[in-house]
Amino acid sequence: QVQLVESGGGLVQAGGSLRLSCAASGRTFSTYAMGWFRQAPGKEREFVAAISWRGGNTYYADSVKGRFTISRDNAKNTMYLQMNSLKPEDTAVYYCAASNAVLAASWLQARQYAYWGQGTQVTVSS
C-alpha cells in the first residue's frame with residue numbers, strides 16, 4: 001500500500017509555470033507506475049501524464065504534450081509534474097495516482113490506479 005500527497009498547486013497567470021510534487025509513503029514506490037490526472041468543475045477526471053516504474057517511459061495527453069513534463073525520483077519517493085505555458089483550460093484539481101498495472105496502455109485509464117492523493121488545485125487566470 002502507498003499513501004500519496006500532492007503539493008505545489010496555486011494561482012498563476014496564463015503563460016506561467018508551476019511544478020507539482022507527489023510524495024509517496026512506503027518502500028514500494030518504485031514498483032508502481034505513476035500518473036497525473038485532473039478534474040475541472042463539471043467535467044470528468046482526465047488523464048494528464050504517466051511514467052513507468054523507473055521513469056524510462058512517459059506518456060502524455062495530447063492537450064499537454066510539449067508543455068508538461070512528468071518525472072520521478074525513486075530515491076526520494078517523489079513524482080513531479082512540471083507545467084509550462086499554462087492555459088486557463090488547464091485549471092483543475094490535479095491528482096497523483098499509483099498503479100499496479102503492467103501494460104502501459106492501462107496507465108491512461110483512471111480505473112487502473114489503486115491509490116490516489118487528495119488533489120491540489122491549479123488555477124490559471126487569463
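Note that the structure is a prediction, hence the values are computed from the model and not measured. For the numbers below, each heavy atom of this structure counts, side chains included, while hydrogens, waters and symmetry mates do not.
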Which atom pair, heavy atoms only, marks the closest approach of Q39 to K43?
NE2-O, 3.1 Å
I need the minimum non-hydrogen distance between R38 and A92, along with the two atoms involved.
CB-CB, 3.8 Å
Is V122 reachable from V48 through a run of hydrophobic residues whose side-chain heavy atoms are each under 4.5 Å from the next?
yes
Are more than 12 heavy atoms, taken from residues, nucleotides or ligands other than Q3, located less than 6.0 Å from that residue's CD atom?
no
Might you point out which heavy atoms bring S17 and N84 nearest each other, and give the distance in Å?
OG-OD1, 2.9 Å
Would you say the side chain of Y113 lies within less than 4.5 Å of the side chain of Y95, judging by non-hydrogen atoms?
no
Going by an N to O cut-off under 4.0 Å, is there a salt bridge joining K87 and D90?
no
Is there a path of hydrophobic side-chain contacts, each under 4.5 Å between heavy atoms of I, L, V, M, F, W or Y residues, that connects W116 with W36?
no
Contact summary for G55 and R72, nearest pair of heavy atoms
N-CD, 3.9 Å
Is W107 reaching over with its side chain to a backbone N or O of A101, donor-acceptor style, under 3.5 angstrom?
yes
W53 vs S30 side-chain heavy atoms within contact, under 4.5 Å:
no
Rounded distance [0.5 Å steps], OG in S71 versus CZ in R19
6.0 Å
Nearest heavy atoms of S126 and P88, plus distance in Å
CB-CG, 3.8 Å
Just verifying a value: how many Å separate L81 CG and T69 OG1, rounded to the nearest 0.5 Å?
8.0 Å
Does the side chain of S21 come within less than 4.5 Å of K76's, by heavy atoms?
no
Can L4 be reached from Y32 by stepping across I, L, V, M, F, W or Y side chains whose heavy atoms are under 4.5 Å apart?
yes
Less than 6.0 Å separating the ring centroids of F47 and Y59?
no
Do Q121 and T91 have side-chain heavy atoms sitting under 4.5 Å apart?
yes
Using the six-membered ring wherever Trp is involved, compare the ring planes of Y94 and F68 and label them parallel, tilted or perpendicular (cut-offs 30° and 60°).
tilted
Could you point out which residue of M79, E6, M83 forms a side-chain contact (heavy atoms from CB on, under 4.5 Å) with L20?
M83
On a heavy-atom basis, the closest approach of L18 and L86 is N-CD1, 3.8 Å
Are any side-chain N or O atoms of Y60 and backbone N or O atoms of I70, one a donor and one an acceptor, separated by less than 3.5 Å?
yes
